[in-house]
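Heads up: the structure comes next, in structure tokens.
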Amino acid sequence: MEPETKAPAQSAKQAAPDCADANEAAHDATPLRVRALEPLEAFLELGGTRKDIALLIVSAVALVLSFFFPQALPFDPAWIAIILCGVPIVLEAIIGLVKSFDIKADVLVSLALIASVIIGEDFAAGEVAVIMQLGGLLEDLTVAKARAGIERLVHLTPRTARVLQTAGGETTEAIIPADDVRKNDVLRVLPGETVPVDGVILQGLTSIDESIMTGEPLPVDKTVGDEVKSGTVNQFGAFEMRAEQVGKDSSLARMIALVQSADAGKAQIVRLADRWATWIVVIALASALGTWLVTGEILRAVTILVVFCPCALVLATPTAIMAAIGNVTKFGVLVREGDALERLASVKRVTFDKTGTLTHGTPEVIAVVPFSPVHRHHEGCCDKEAIEAMDEARLFRIAAAVERLSEHPLGRAVVQGWQKRCESAREGADLQSNPGGNSPEKRAPAPLNLPEAADFSMTPGRGVSALVEGDRILAGNVDFMLENAVAGSLEMDARASSYVEQGCTTILVAKNGRAIGFLALADTLRSTSKETIAAIKSLGIIPVLLTGDHVQAARHISEQIGIEDVRADCLPKDKLAAIEAFEHEGKPVVMVGDGINDAPALKRATVGIAMGAIGSDIAVDAADIALVRDDISSLPHLMALSRRMMTTIKLNMTFSLALNFVAIILAMTGILNPVVGALVHNCGSVIVIINSAFLLSWKKK
């Protein structure tokens with residue numbers, strides 16, 4: 001188990017060998033005053049969220065004791081809250097000021113705490129500390145922890161390669177680390193193995209699963225002269241290849257670099273409370289100092305600091321975010337980044353991957369087309385349409401029989417399509433025998449009723465052959481048909497071209513050397529895709545299709561669902577470039593995808609949304625939001641809710657600031673003391689929380 005647990009870390013180090021040295025150099029260049037604060041930062045990070053919750057509960061109990069039973073302990077119980085909740089706030093304020101002169105809300109809170117303690121208003125100090133820590137805890141709970149997406153990508157990097165070496169007229173095979181492969185080395189890749197580097201096939205026929213790069217689920221047939229990419233998986237035949245791009249230049253290494261750069265280039269949202277904190281601190285200090293100088297009463301000055309403490313302001317954002325997260329959870333949406341909903345409210349474009357996002361991601365038989373009916377004069381049949389339907393069923397049955405022994409995804413799709421046909425036929429028979437409409441009990445799948453296939457053989461990248469009921473049946477592409485001298489191959493392929501133009505994949509079928517028809521397979525649209533796109537457009541957001549599929553398939557899908565902006569044949573770097581172009585134009589973008597190839601774009605987009613159930617773990621790790629049910633129909637509600645949430649946040653902040661200014665005026669006149677000022681803040685905080693709670697039940701009209 002030890003090598004397995006260490007391997008990802010080692011690979012990550014190989015992907016960035018200079019990181020450790022760079023970190024050491026950066027540490028040496030860090031100012032002494034900053035390094036002196038590192039132990040304090042480490043202390044504040046101890047324990048995590050559970051510790052913060054426990055300390056907050058203890059502090060709240062202490063405040064209750066201080067208010068109702070101040071003599072319960074030898075000292076004021078409020079000091080427990082001051083130490084447990086107040087001291088961390090003061091320390092964080094000091095760290096921010098010393099390290100980067102960063103004036104946040106913590107600075108004003110610290111001033112209010114210290115001033116309250118100096119004049120003996122311990123309860124007010126403890127109350128402010130507890131409220132501020134509650135706001136900070138709510139905010140922490142909405143922020144996702146560090147993710148391991150890049151490490152998982154690195155783990156996909158092939159570790160070894162089979163290098164062919166010729167010496168003395170003999171060729172030997174040596175297994176070496178993939179990092180040691182050099183350009184122009186000749187490699188052998190066996191079925192089921194991952195291609196170690198980019199290169200060109202020298203010998204062999206095969207099918208390659210390129211979903212890691214293109215997102216398309218169907219393997220691509222490869223032969224001599226075709227390119228293969230690192231990280232893709234060899235499905236069937238063994239082949240030999242010449243290495244072209246190795247090490248950091250390989251496709252998978254470049255994609256890892258894309259994810260890292262996309263993460264670094266993503267703009268971070270700054271809390272609104274912290275944006276306004278500098279002005280709040282200046283105004284509060286000026287007001288307190290002016291009041292002290294004019295009236296000579298330190299109590300009024302301290303009261304101003306307490307009432308100006310931005311408790312409700314700090315609660316305004318995290319309470320609204322948590323309520324919105326609770327809302328979308330009911331729709332199967334998991335928000336993984338706390339500020340994702342803030343960013344989502346500003347988007348102008350939503351870019352979709354096609355396969356597995358707008359479509360189901362698996363091929364299905366959508367048409368069975370007989371090319372030459374097998375029997376024109378079937379006994380008892382005189383209706384031409386009935387004869388054609390019978391011939392279609394026979395063609396489907398023959399194709400399923402020969403593909404039953406195939407491991408190719410298209411072959412499996414044909415068999416599954418025949419299975420569905422059998423189920424439909426049985427349901428029809430049940431309805432006829434049970435006209436009352438009572439649903440039959442759940443039963444085992446309907447029998448396939450397929451004849452046995454003998455003498456089965458498979459040609460990688462071409463097709464399959466077998467004896468079915470004494471007839472030699474071939475199923476594959478046009479090249480396979482021509483190689484076997486099938487009569488009518490070109491004519492049948494020409495007839496199938498109309499389906500190819502619509503983005504379908506076709507399987508040609510021949511019987512005893514004669515073309516008898518073809519099956520068209522395609523990735524089918526989700527039933528909610530068209531409605532979802534229309535709803536997104538109604539919000540003023542423009543949908544864009546980014547897909548690794550070819551132009552015809554992309555156009556066919558986009559026309560069905562109403563997307564005008566279509567980008568086809570997109571590799572990961574192309575999707576990333578499109579996202580960056582939109583961002584540079586000032587058009588924040590949502591990226592919706594499901595595959596590993598979508599990870600860089602999901603990272604770089606203003607908001608990344610991954611299909612949580614069928615999507616890859618790496619895509620989910622790279623995203624800010626995951627659709628747990630793989631139901632894109634929740635996207636319009638999610639986007640509309642994010643805008644509603646921002647409206648709620650702005651209302652909360654406007655109210656809290658207005659309350660603060662009214663309280664300052666009352667404090668200047670001596671009407672409010674520190675304790676009453678803190679209670680006023682409590683009322684303001686409660687109103688903010690109630691207003692945010694309305695988001696829990698909000699629905700898009």
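Numbers here are sequence positions counted from 1.
With sequence neighbours left out, the side-chain contact (heavy atoms from CB on, under 4.5 Å) criterion links I665 to no other residue. Residues forming a side chain to side chain donor-acceptor pair (under 3.5 Å) with S692 (at least two apart in sequence, or on another chain): T319, N652. Checked against side-chain contact (heavy atoms from CB on, under 4.5 Å), F69 has the following partners two or more places apart in sequence or in another chain: L65, A72. Every residue was checked against the side chain to side chain donor-acceptor pair (under 3.5 Å) condition with R349, not counting sequence neighbours, and none meets it. Legend: residues meeting side-chain contact (heavy atoms from CB on, under 4.5 Å) with K330, ordered by chain and number and at least two apart, are absent. Not counting sequence neighbours, T532 has no partner by the side chain to side chain donor-acceptor pair (under 3.5 Å) test. In this structure, the side chain to side chain donor-acceptor pair (under 3.5 Å) partners of K537, at least two apart in sequence or on a different chain, are E564. Every residue two or more places apart in sequence or in another chain that forms a side-chain contact (heavy atoms from CB on, under 4.5 Å) with I690 is listed here: V686, F694.
Taking each heavy atom of G586 and P588 in turn, the nearest pair found is O-CD, 3.3 Å. The heavy-atom pair separating E583 from A605 by the smallest distance is OE2-C, 3.9 Å. Residues S633 and T528 approach most closely at CB-CB, 3.9 Å, considering heavy atoms. Nearest approach of L576 to P600, heavy atoms of both residues: CD1-O, 3.6 Å. Of all heavy-atom pairs spanning A345 and M646, the tightest one is CB-CG, 3.4 Å. For the residue pair A324 and M645, the shortest heavy atom distance occurs at CB-SD, 3.8 Å.
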Original post:
When you look at V333 and L627, which way does the side-chain contact (heavy atoms from CB on, under 4.5 Å) test go after all the steps?
Top reply: CA-CA 5 Å; V333 178; L627 304 181; 3.9 Å; yes
Please determine whether side-chain contact (heavy atoms from CB on, under 4.5 Å) holds for the pair L638 and I609, giving the CA-CA distance in whole Å, both sets of side-chain angles, and the decisive distance to 0.1 Å. CA-CA 11 Å; L638 177 64; I609 301 178; 4.0 Å; yes
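Within a 6.0 Å radius of CH2 in W292, other residues, nucleotides and ligands contribute 12 heavy atoms or fewer.
I53 CD1 to L56 CG: the interatomic distance, rounded to the nearest 0.5 Å, is 8.5 Å. Atom-to-atom distance recorded for I536:CD1 and I541:CD1 is 7.0 Å, nearest 0.5 angstrom. Residue T648 holds its OG1 atom at 11.5 Å from CD1 of I321, rounded to the nearest 0.5 Å. Between atom CG of residue L289 and atom CG of residue L293 there is a gap of 4.5 Å, rounded to the nearest 0.5 Å. With values rounded to the nearest 0.5 angstrom, K575 atom NZ is found 8.5 Å from L602 atom CG. Between L641 atom CG and L695 atom CG the span is 6.0 Å, to the nearest 0.5 Å.
Here the side chains of M668 and S287 are in contact, with some heavy-atom distance below 4.5 Å. Under the 4.5 Å side-chain criterion, counting only non-hydrogen atoms from C-beta, T351 is in contact with F582. In this structure, I533 and F352 have side chains that are in contact, with non-hydrogen atoms separated by less than 4.5 Å. Side-chain contact between R343 and D624 is present, with heavy atoms from C-beta onward closer than 4.5 Å. Put simply, the side chain of I542 does not reach to within 4.5 Å of the side chain of V350, judged on heavy atoms. M639 is listed as a side-chain neighbour of L344, based on a closest heavy-atom distance under 4.5 Å. Taking the side chain as every heavy atom from C-beta outward, D353 and M591 approach each other to under 4.5 Å. T606 has its side chain out of reach of V590: every pair of non-hydrogen atoms, C-beta onward, lies at least 4.5 Å apart.
Within the structure, the salt bridge (Lys or Arg N to Asp or Glu O under 4.0 Å) test picks out the following pairs touching residues 295-304 (sequence neighbours left out): E297-R300. The ring pair (Phe, Tyr, Trp, His ring centres under 6.0 Å) pairs that include a residue from residues 316-335 are F331-H637, where partners are two or more places apart or lie in different chains.
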Determine all donor-acceptor pairs shorter than 3.5 Å in which one atom belongs to a side chain in residues 74-90; sequence neighbours excluded.
| residue | atom | partner | partner atom | Å |
| --- | --- | --- | --- | --- |
| D76 | OD1 | S66 | OG | 2.7 |
| D76 | OD1 | A78 | N | 3.0 |
| W79 | NE1 | D122 | OD2 | 3.2 |

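Formation of a donor-acceptor pair under 3.5 Å by the S346 side chain with backbone atoms of E342 is not found in this model.
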